[in-house]
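I have placed the structure first, in the form of structure tokens, so that the comments after it can refer back to it.
Basis for what follows: all heavy atoms, side chains included, without hydrogens, waters or symmetry-related copies. If you're wondering where the values come from, they're calculated on a predicted model, not measured in any experiment.
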Amino acid sequence: MMASRHTVLMRLVASAYSIAQKAGTIVRGVIAEGDLGIVEKTCPTDLQTKADRLAQMSICSSLARKFPKLTIIGEEDLPFEEVDQELIEDGQWEEILKQPCPSQYSTIKEEDLVVWVDPLDGTKEYTEGLLDNVTVLIGIAYEGKAIAGVINQPYYNYQSNEKQKLREHENEAKAGPDAMLGRTIWGVLGLGAFGFQLKEVPAGKHIITTTRSHSNKLVTDCVTAMNPDDVLRVGGAGNKIIQLIEGKASAYVFASPGCKKWDTCAPEVILHAVGGKLTDIHGNALQYNKEVKHMNSAGVLATLRNYDYYASRVPESVKNALVP
């Protein structure tokens, strides 16, 4: 069999890439159809849409079919049902299979891996039309540590796409290469992260990215203590980590419970693969084994560079209020 030439991990990442792309297509399709099927879960800011449901069914079923011994933990609590064949993605991204598997992961077995799935990170923003905040997250953990991840941005280029359409409408230009909607970023610890251009915030600038729809006094106290030059309030953990790796923000600060393991697993890998750091507010690494509680109770602190600068400014009052 062809597949046996490749390690389990690299086959899984190559499949997760294609599966995340398919989920991105589903997310765009639901918007295009116009009926989001919004359901409130625990409160008005905790929403689920038809896109969350279909994308999760697609991701989890596609993964389970190909890798039956995986542990897969998805955000949405869905009843077990037969999944429409149209939702199954069985492709894999061949470019990933050409990459060497880091030696420390070459003998990992399927049953040793836990996959954390957020089918649509930034649901509230999705329902409000802030589509570039949205990501699809597939994170892969081994022995409690996030080691590989895939992030799909269904609406990457959305803004330039809208401008492009306007230009076309005015017959000023035909669609150029920048009109591709969506992109997929992937990474494996010890190998690197791919699918984006790494960029750092200008030296000496302190730009904080934080929550848009889940703020409270702890969150604002912690952000203020960082003495920022600018504060960005955006949706989605995946989106915030992308801001760090593309030089739009220097630290992601979220001093509150609310973020879950499926929000941080994939983004953490991409950040760590390029030398960044993501922890809870106390500086503890996050754990991703299957028994772990889903909530990141002690918040999130993440940076591409200068982690210690930001960690040293977290107020004691904030630390005392957030118990890991």
Side-chain angles (χ1 to χ4, degrees), residues 40-47 73 75 77 116 118 121-125 133 135 137 139 141 144-146 201 205-244 248-269 271-272 276-324:
E40 257 187 42
K41 293 198 287 189
T42 58
C43 67
T45 56
D46 188 14
L47 304 175
I73 304 172
E75 171 172 13
D77 224 350
W116 293 88
D118 191 337
D121 182 37
T123 302
K124 188 165 191 300
E125 286 68 30
N133 286 208
T135 58
L137 305 174
K145 185 178 177 186
V201 168
K205 276 286 230 199
H206 301 293
I207 303 170
I208 305 294
T209 184
T210 191
T211 185
R212 177 181 164 267
S213 47
H214 304 281
S215 200
N216 58 40
K217 188 177 184 307
L218 276 182
V219 171
T220 49
D221 284 354
C222 197
V223 168
T224 305
M226 301 293 153
N227 199 16
D229 297 306
D230 198 6
V231 180
L232 311 174
R233 290 183 172 81
V234 300
N239 182 34
K240 293 182 191 70
I241 296 300
I242 290 169
Q243 289 186 317
L244 297 183
K248 295 186 178 84
S250 33
Y252 165 23
V253 180
F254 183 55
S256 175
C259 208
K260 312 278 197 329
K261 294 293 184 294
W262 44 73
D263 293 311
T264 50
C265 188
E268 172 181 316
V269 174
L271 186 62
H272 285 174
K277 187 167 180 179
L278 183 148
T279 66
D280 70 12
I281 277 302
H282 300 271
N284 303 314
L286 300 182
Q287 297 298 314
Y288 294 98
N289 40 303
K290 62 184 172 205
E291 301 80 18
V292 82
K293 65 177 179 180
H294 296 165
M295 181 73 77
N296 292 323
S297 311
V300 176
L301 175 63
T303 67
L304 176 60
R305 304 286 177 256
N306 306 321
Y307 172 88
D308 293 343
Y309 171 91
Y310 297 96
S312 68
R313 281 164 176 72
V314 177
E316 284 306 312
S317 57
V318 169
K319 288 183 182 173
N320 294 337
L322 293 175
V323 182

Would you tabulate the side-chain donor-acceptor contacts of residues 315-324 under 3.5 Å, counting partners in other chains and residues two or more places apart, or write 'none'?
residue, atom, partner, partner atom, Å
N320, ND2, E316, O, 3.2

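At a threshold of 4.5 Å between non-hydrogen side-chain atoms, the residues M226 and V223 do not count as touching. At a threshold of 4.5 Å between non-hydrogen side-chain atoms, the residues W262 and D121 do not count as touching.
The two residues H272 and L278 come nearest to each other via the heavy atoms NE2-N, 3.0 Å. Minimum interatomic distance between W116 and Y288 (heavy atoms only, all atoms of both residues): NE1-O, 2.9 Å. Closest of all the heavy-atom pairs between N216 and A255 is OD1-O, 4.4 Å. Closest non-hydrogen pair, T220 versus K217, comes out as OG1-O, 3.0 Å. In this structure, K124 and S213 approach most closely via the heavy-atom pair CD-CB, 3.6 Å. Smallest separation of non-hydrogen atoms from L301 and Y307: CD2-CE1, 3.8 Å.
For the side-chain contact (heavy atoms from CB on, under 4.5 Å) test with S256, the passing option among V219, I281, T210, N296 is V219; the others fail. For the side-chain hydrogen bond (donor to acceptor under 3.5 Å, both in side chains) test with T209, the passing option among Q243, K240, K248 is Q243; the others fail.
Between the side chain of D118 and the main chain of L137, no donor-acceptor pair closer than 3.5 Å is present. Here the side chain of S250 pairs a donor or acceptor atom with the backbone of I207 at under 3.5 angstrom. A donor-acceptor pair under 3.5 Å is formed between the side chain of N133 and the backbone N or O of G235.
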Using the salt bridge (Lys or Arg N to Asp or Glu O under 4.0 Å) rule, take R212 and E125 through it: C-alpha gap first, then chi angles, then the decisive distance, then the call.
CA-CA 9 Å; R212 177 181 164 267; E125 286 68 30; 2.9 Å; yes

Go through the steps for L47 and E40 under the test side-chain contact (heavy atoms from CB on, under 4.5 Å), then give the verdict.
CA-CA 5 Å; L47 304 175; E40 257 187 42; 3.7 Å; yes

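Between the OG1 atom in T45 and the NE2 atom in H214 there is a gap of 4.5 Å [rounded to 0.5 Å]. The distance from atom OH of Y252 to atom CG of N239, rounded to the nearest 0.5 Å, is 10.0 Å. Taking CG of L232 as the start and OG1 of T211 as the end, the distance is 12.5 Å to the nearest 0.5 Å. Distance CG/N306 to NZ/K277: 12.5 Å, rounded to 0.5 Å. Distance check, rounded to the nearest 0.5 Å: NZ of K261 to NZ of K293 gives 7.0 Å. Rounded to the nearest 0.5 Å, atoms OG1 (T264) and CG (L271) are 11.5 Å apart.
Annotation: N284, atom CG; neighbour count of heavy atoms from other residues, nucleotides and ligands within 6.0 Å is above 12.
Separation of the H206 and Y310 ring centroids falls under the 6.0 Å cut-off.
For the residue pair T303/Y309, the side-chain donor-acceptor check at 3.5 Å is not satisfied.
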